Amino acid sequence: MPELPETETVARVLRSNIVGHTVQNVKIIKGYKISPTNKTFAKSVINKKVVGVQRVAKNIIIKFENNVYVQTHLAMTGRLLLKKSGDQTSKWLKWVFVFENSTRLEFHDMRAFGKTAVLTKKEFDDLTNKYGPEPLDNKINAKAFLKQLLTKKTSIKNALMDQKIISGLGNIYATDALFMAQINPKTKTDKLSLEQATDLLKSSREILNEGIKNRGATLPDKMYVDPLGKSGKQQKHFRIYQKKECPICKHKVKYEKINGRGTYFCPSCQKP
DNA sequence: ATGTTTGTTCCGAT
DNA sequence: CATCGGAACAAACA
């Protein structure tokens, strides 16, 4: 589930709760695999202090002393949860850090598409470099954004979710950003104008910032919660995602699969 | 029973 | 060879 705002929320909550604490013990659920090996994972973090937590695209990076980086990608159903001693766990538990103050950090993943890896400094740099610019960093402007889009031969919806063009947007925020910019999601990238690229970059930043402010989106399945178990509120502010009627013109919203992903758009406000 | 789901990667086709 | 689109990964729910 998590896109940029959800991942950012998780990173912030973790940062204020685990930085400065030392991992005393690690538990890995039988059969679960961490890269490069479970043994490396345990050995790399036991008796090591957390020195920082950050987000890279949709990854959570927990940085330990001695240049050890633990990368976790939540994919669709991953959760990082902080627990106190005595708190219950769940059947989707994959691994646990036990800290010196006996609080725990647990990774849960129902569908198991997520991943955890231990990275060296160089591997961390490589990971960071494989992604396109962070949309909220002001490292990309509309002209550069358009230039990237023009190299693609696909729909704008697909390109917007391409993490190599710009990182952090997934199906929900891309769908809403396109609606806000009044661009039809099926528009081919080579048909876009500089004005449209400008609008789209602006609406992407606006919806991502709003998503962060609302601490992410929690859908009815309640899969996404922050590390303290708290739901987000962005679902109350979806523009067109999962809507039946257009909030602007009241036209019936069209639902269509675009590159395999469910996409909502207003055929009147977002004309091809 | 079938179709759906917030993400990424791999493979076959072009 | 590069790029694109669809399948696959797996589990729960309506």
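Within every chain, numbering begins at 1; the chains are lettered A, B, ... in the order of the sequence lines, protein sequences first and strands thereafter. Keep in mind that what you see is a predicted model, and the values were worked out from it rather than measured. Hydrogens, waters and symmetry mates are skipped; everything else that's a heavy atom, side chains included, is used.
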Colleague: Starting at atom CD of A:Q71, determine the distance to atom P of B:dG7, rounded to an integer number of angstrom.
Modeller: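 The answer, rounded to whole Å, is 16 Å.
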Colleague: Under 4.0 Å from OP1 or OP2 of B:dT8: is there any side-chain N or O of A:K58 that close?
Modeller: yes
Colleague: Using whole Å, what does the distance between atom P of nucleotide C:dT3 and atom CG of A:D190 come to?
Modeller: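 Going from A:D190 (CG) to C:dT3 (P), I get 15 Å.
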Colleague: If only side-chain N and O atoms count, and only distance matters, is there a donor-acceptor pair under 3.5 Å linking A:N184 with A:Q270?
Modeller: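 Their side chains do not contain a donor-acceptor pair, so the 3.5 Å distance test is not met.
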Colleague: Just how far, in rounded Å, is C1' of B:dT4 from CE of A:M223?
Modeller: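 Nearest whole value for this atom pair: 15 Å.
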Colleague: Within the 4.0 Å limit for protein heavy atoms, which parts of nucleotides 6-14 of chain C are touched? Write it as a string from 5' to 3', B for base, S for sugar-phosphate only, - for none.
Modeller: S--BBBS--
Colleague: Would you sort out whether A:T77 and A:D109 count as a side chain to side chain donor-acceptor pair (under 3.5 Å), showing the intermediate values?
Modeller: CA-CA 5 Å; A:T77 59; A:D109 195 3; 2.8 Å; yes
Colleague: When the side chains of residues 137-152 of chain A are checked against the rest of the protein, which donor-acceptor pairs come out under 3.5 Å, sequence neighbours left out?
Modeller:
from, atom 1, to, atom 2, distance (Å)
A:N141, OD1, A:K143, N, 3.2
A:N141, OD1, A:A144, N, 2.8
A:T151, OG1, A:Q148, O, 2.6
A:K152, NZ, A:D162, OD2, 3.4

Colleague: Mind checking if A:G262 touches a base, just sugar-phosphate, or nothing, with heavy atoms under 4.0 Å?
Modeller: sugar-phosphate
Colleague: Under the side-chain hydrogen bond (donor to acceptor under 3.5 Å, both in side chains) rule, collect the residues that match up with A:T116, sequence neighbours excluded.
Modeller: A:W95
Colleague: Within this structure, what is the CG-to-C1' distance between A:L160 and B:dG7, rounded to whole angstrom?
Modeller: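 That distance rounds to 15 Å.
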Colleague: Across nucleotides 9-14 of chain B, 5' to 3', mark each nucleotide with B, S or - according to how protein heavy atoms within less than 4.0 Å reach it.
Modeller: S-----
Colleague: Assess the side chains of A:H21 and A:E100: does a donor N or O sit below 3.5 Å from an acceptor N or O?
Modeller: yes
Colleague: Counting the benzene-type ring for Trp, do A:F97 and A:F41 have ring centres under 6.0 Å apart?
Modeller: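 Distance test on ring centres: under 6.0 Å, yes.
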Colleague: Step by step, would you call A:Q71 with A:H73 a side chain to side chain donor-acceptor pair (under 3.5 Å)?
Modeller: CA-CA 7 Å; A:Q71 170 210 2; A:H73 197 299; over 6 Å; no
Colleague: Dot-bracket notation for DNA chain B is requested: 5' to 3', Watson-Crick or G-U wobble pairs only, both distances under 3.5 Å, with ( ), [ ], | and . as defined.
Modeller: .||||.||||||||
Colleague: Taking salt bridge (Lys or Arg N to Asp or Glu O under 4.0 Å) as the cut-off, I'd like each qualifying pair that reaches into residues 10-31 of chain A, sequence neighbours left out, listed once.
Modeller: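 Every salt bridge (Lys or Arg N to Asp or Glu O under 4.0 Å) pair that includes a residue of residues 10-31 of chain A, provided the two are not neighbours, is A:E8-A:R12.
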Colleague: Of all residues at least two apart in sequence or in a different chain, which pass the ring-ring contact (aromatic ring centres under 6.0 Å, His included) check with A:F113?
Modeller: none
Colleague: Determine: side-chain N/O of A:T154 to OP1/OP2 of C:dT3, distance under 4.0 Å, yes or no.
Modeller: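 Indeed not, no polar side-chain atom of A:T154 lies that close.
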Colleague: What is the distance, to the nearest angstrom, from the CE atom on A:M76 to the P atom on B:dT8?
Modeller: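 My rounded result for the distance is 10 Å.
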Colleague: Of all residues at least two apart in sequence or in a different chain, which pass the ring-ring contact (aromatic ring centres under 6.0 Å, His included) check with A:Y131?
Modeller: none
Colleague: For residues 168-178 of chain A, run the donor-acceptor check on the side chains, cut-off 3.5 Å, and write out each pair with its distance to 0.1 Å, sequence neighbours left out.
Modeller:
from, atom 1, to, atom 2, distance (Å)
A:N171, OD1, A:K157, NZ, 2.7
A:N171, ND2, A:G262, O, 3.0
A:Y173, OH, A:E6, OE2, 2.7
A:T175, OG1, A:N171, O, 2.6
A:D176, OD1, A:R239, N, 3.3
A:D176, OD1, A:I240, N, 2.9
A:D176, OD1, A:Y241, N, 3.1
A:D176, OD2, A:R239, N, 2.9

Colleague: What residues form a side-chain hydrogen bond (donor to acceptor under 3.5 Å, both in side chains) with A:S155, not counting sequence neighbours?
Modeller: A:N259
Colleague: Can you tell me if the side-chain N/O atoms of A:Y255 get under 4.0 Å from OP1 or OP2 in B:dT5?
Modeller: yes
Colleague: For A:R261 and C:dC4, what is the distance between atoms CZ and P respectively, to the nearest whole Å?
Modeller: 18 Å
Colleague: Taking atom P of B:dT8 as reference, at what distance in whole Å does atom CG of A:N59 sit?
Modeller: 8 Å
Colleague: Please measure how far the P atom in C:dA10 lies from the corresponding atom in B:dC11, and state the result in whole Å.
Modeller: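 To the nearest whole Å, 15 Å.
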Colleague: When you measure from the side-chain N and O atoms of A:H73 to the phosphate of B:dT8, is any distance below 4.0 Å, counting only OP1 and OP2?
Modeller: yes
Colleague: A:K122: which residues meet the side-chain hydrogen bond (donor to acceptor under 3.5 Å, both in side chains) condition with it, sequence neighbours left out?
Modeller: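 side-chain hydrogen bond (donor to acceptor under 3.5 Å, both in side chains) check on A:K122 returns A:D126.
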Colleague: Atom CD1 of A:I172 and atom P of B:dT5: how far apart are they, to the nearest Å?
Modeller: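 Distance check: A:I172 CD1 to B:dT5 P gives 11 Å.
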Colleague: Which distance, rounded to the nearest 0.5 Å, do you find between the CD of A:Q235 and the CG of A:L219?
Modeller: 7.0 Å
Colleague: May I ask you to verify if any side-chain N or O of A:N171 is less than 4.0 angstrom from the OP1 or OP2 atom of B:dT5?
Modeller: no
Colleague: Applying a 4.0 Å non-hydrogen cut-off, can you work out what A:F238 is touching in the nucleic acid: base, sugar-phosphate, or nothing?
Modeller: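 Nothing, no heavy atom under 4.0 Å.
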Colleague: Consider only side-chain heavy atoms of I, L, V, M, F, W and Y, link residues closer than 4.5 Å, and tell whether A:V118 and A:L80 are in one cluster.
Modeller: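 A:V118 clusters together with A:L80.
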Colleague: Please work out which residues in residues 162-170 of chain A have a non-hydrogen atom less than 4.0 Å from an atom of DNA chain B and list them by number.
Modeller: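 Listed by number, they are A:Q163, A:G170.
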